[in-house]
**Student:** 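Take this structure first; my questions come after.
Just so you know, ligand 1 is whichever comes first in the structure, and atom 1 is the first atom listed for that ligand.
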Amino acid sequence: MTIEACQVPVAEACIEASTARPRGYVKDVLGTDSSIFVIKVGTSSLVRPEHHTLNLSNLARLCEAVKELRAEGHHVIIVTSGAVGIGCQHLGLAAPERQKKRALAAIGQVQLIRYYENFLGALGLTCAQVLLTLDNLANRSQYLNARNTFTELLAYGVIPVVNENDTVAVQELRFGDNDTLSAQVAALVQADWLFLLTDVDCLYTANPKDDPTATPIYEVEDISHLHADTSTRGTQWGTGGMATKLTAGRIATAAGCTMVICNSNTPENIVRIARGEPRLGTKFFPLPHCLKGRKRWILSVPVRGKLWLSAAAVRAVRDRRRPLVASGVEQLEGDFHVQECVSLLDPSGCEFARGLASMAAPELGALLGGAPETHHHPEAHAAGSPHDPHEDCLPCASLEIVIQRGNLVPLAASEDGAASEEQPAAAPAESKMTAAPAPSVKASASDQDLVKAVAALKVSAAPHSGSSNGCRGGGCGGQGCCRVQSKSATHGSAYSSVSAKDAALHHLGNAVGGRMAASATA
Ligand SMILES: N[C@@H](CCC(=O)OP(=O)(O)O)C(=O)O
C-alpha cells in the first residue's frame with residue numbers, strides 16, 4: 001500500500017484535468033458535461049457543541065459555495081445531518097434520549113430544511129427535501145425512481161437536500177450514518193465529486209489532538225489498503241466518524257467518484273479543491289473501472305454477510321474476474337439468503353468486493369463443512385486462461401458457484417492495476433472542474449475503519465518524485481514527500497476528533513447475525 005501525503009506546491013490556477021469516464025445516465029438526461037457534486041455536512045459542523053446552537057456561519061458559507069458551483073453550471077446535491085441535534089436545540093434538551101431520536105429528528109428536520117430554504121433562497125436558489133431509507137435504494141425499482149427524481153430536480157436547477165428518513169427507518173434498514181448515505185447518493189447519480197465536510201482538515205496518520213506527530217494525508221490512491229477498527233464510538237449527536245468516511249470512500253471510489261474529506265469551517269475550499277488546489281483536504285481517487293447500472297446498484301444493497309476467501313480465490317475473483325465458487329471460501333459470517341449482498345474479504349480481512357449470493361448461508365456453510373478435498377479452481381481451466389496450477393489448486397468442499405460473475409462488484413482494482421471488465425474509460429468529457437482522472441493504482445480492498453488504518457500506517461519523510469503510484473495533483477518533484485506505507489503490526493489511535501463509532505459500518509456488518517465459521521481445509 002502506498003498512501004501519499006504529498007508536500008506539493010499549490011497548483012497554478014488550473015482546472016483539474018477532465019475525467020475519462022462515461023458521463024452516465026443522469027448527465028445524459030441533463031445533456032450536460034458539467035460536474036455533479038454531492039456535499040455532505042455532518043452534525044458536528046452544523047450544531048455548536050458548546051451551546052447546541054446552529055452554526056450559522058458554516059451553513060451560510062456552505063450555501064455560498066453551492067451558489068458558486070451553480071453559477072459555473074455544476075449540479076449540487078447536499079446531504080445534511082443535524083435533524084436530531086437541531087431537534088434537541090429546539091426543545092432545549094442538553095442531549096438526545098436514545099429512544100426518542102426518531103421524534104427529535106422529526107422536530108429537527110423541519111427546522112433544518114427551513115434554514116436551508118432560507119439560506120439558499122437568499123442566494124436565489126431553490127431547494128427540495130429528499131428523505132431516504134436504506135430500503136429505498138436497496139429495492140431496484142425504488143432506486144431507479146430515486147434516480148429519476150434526482151435527475152428531474154437537477155434539471156430544474158434545484159438543490160436536493162437529503163437526509164436519512166430517521167423518523168420511519170427501522171434499525172435493520174438504516175444507513176445509520178450520513179457518510180454512507182452520501183456515498184450511496186453519489187453512486188446513484190454518478191457524481192464526479194463527493195465532499196465530506198467535517199470538523200477536521202483532512203485525514204491524519206493519528207489523532208492530531210492527541211498526537212503531535214500526526215501527519216496529514218492529502219491524497220489516497222488506494223483506500224482499499226487502509227486498515228482500521230471500529231472501537232471508538234460516535235458522538236451523541238451524530239453517528240459518523242472517520243470510519244464511516246472510509247466506508248463512504250470505498251463505495252464512492254468504486255462508483256468512479258472522487259471523494260474529499262475537508263473542513264466544514266472552510267466550505268469555500270470545495271471550489272478550490274475541485275479546481276485542483278492541493279493540500280486543502282484529503283482526496284480519494286476513484287478506481288479505474290466504471291460500474292455499469294446494475295452493478296452500481298449492488299453497491300446500494302445492504303450487506304448481510306461476510307465471506308473470507310483464500311488468497312488464490314482472491315486472485316481469481318479480483319484479478320481475473322472469475323465467479324466465486326465455494327472452494328474459495330474459507331469462512332463465512334452472517335445469515336444471508338439467496339440474492340442478498342455479501343462482502344468478500346481477503347485473508348487479511350480487507351474487503352475487496354461485494355456480490356449477490358447465489359446460495360444462502362446455511363447451504364454454503366454445509367458445503368464448507370464437507371470433506372476436505374483438493375482440486376483445481378474450475379475457472380483456472382477455462383479456455384485460454386493462463387494460470388499457475390499451484391496457485392489455482394485449492395482445497396475445497398465444493399465447486400458450486402457462490403456468486404455469479406455478473407453479481408460481483410469490485411471495490412478495488414486488480415493487482416496489476418488494470419481496469420476491470422466493468423466498463424473501460426471512455427472519451428474524456430470536455431467539462432470544467434470535472435473529477436480527477438482515474439489513477440492507475442494497485443489496490444485490494446478492506447472492510448475496516450480508521451483506527452486500524454492508522455495502526456497500519458508508517459510515516460517516513462522522504463524525497464520522492466511523482467509517479468503513477470506517487471504524488472498526484474502536480475507531483476512533488478522530489479521536493480519532499482511524506483509517504484505513508486503499510487505496517488501491519490503496530491497499533492495507533494483514531495485520528496479524527498470526530499470519533500469513529502463501533503457500529504460504523506452499519507450496512508457492512510451490523511445487520512450480520514451470529515458468527516458462523518467453517519473451514520474449507522478443516
Ligand atoms: N440523520 C441524522 C444524522 C446521522 C449522522 O450520520 O450524523 P453525522 O455523523 O453527524 O453525519 C440527523 O439528521 O440527525
**Student:** Does any donor atom in the side chain of Arg61 or Asn265 lie under 3.5 Å from an acceptor atom in the other side chain?
**Tutor:** no
**Student:** Pairing donors with acceptors under 3.5 angstrom, does anything connect the side chains of Thr126 and Tyr156?
**Tutor:** no
**Student:** Please state which part of Gln109 comes within less than 4.0 Å of ligand 1, counting heavy atoms only: side chain, backbone, both or neither.
**Tutor:** neither
**Student:** Looking only at heavy atoms of Gly82, does any of them come nearer than 4.0 Å to an atom of ligand 1?
**Tutor:** yes
**Student:** Examine Asp177 against ligand 1 and note whether any of their N/O atoms are separated by less than 3.5 Å.
**Tutor:** no
**Student:** Using a 3.5 Å cut-off on N or O atoms only, is Gly42 in polar contact with ligand 1?
**Tutor:** no
**Student:** Report the distance from atom CG of Leu181 to atom CG of Asn163, rounding to the nearest 0.5 Å.
**Tutor:** 7.0 Å
**Student:** Contact between ligand 1 and Lys40 is defined here as a heavy atom of the residue under 4.0 Å from a ligand atom; is it met?
**Tutor:** yes
**Student:** Looking only at distance, does Val84 have an N or O less than 3.5 Å from an N or O of ligand 1?
**Tutor:** yes
**Student:** Can a side-chain donor-acceptor contact be found between Thr133 and Asn136 if the only test is distance below 3.5 angstrom?
**Tutor:** yes
**Student:** Is it the case that the side chains of Thr266 and Asn269 hold a donor-acceptor pair, with the cut-off being a distance below 3.5 Å and no angle test?
**Tutor:** yes
**Student:** Counting only nitrogen or oxygen atoms and a 3.5 angstrom limit, does Asn163 reach ligand 1?
**Tutor:** yes
**Student:** Taking atom types as modelled, is there a side-chain donor on Asn178 or Thr180 under 3.5 Å from an acceptor on the other?
**Tutor:** no
**Student:** Which ligand 1 atoms does Ser81 reach within 4.0 Å, using its non-hydrogen atoms?
**Tutor:** 3 (C), 5 (C), 6 (O), 7 (O), 8 (P), 10 (O), 11 (O), 13 (O)
**Student:** Under a 3.5 Å threshold, yes or no: a donor from one side chain and an acceptor from the other, between Asn148 and Tyr25?
**Tutor:** yes
**Student:** When only distance counts, is Asp166 in polar contact with ligand 1, meaning an N/O pair under 3.5 Å?
**Tutor:** yes
**Student:** Does an N or O anywhere in Thr43 fall below 3.5 Å from an N or O of ligand 1?
**Tutor:** yes
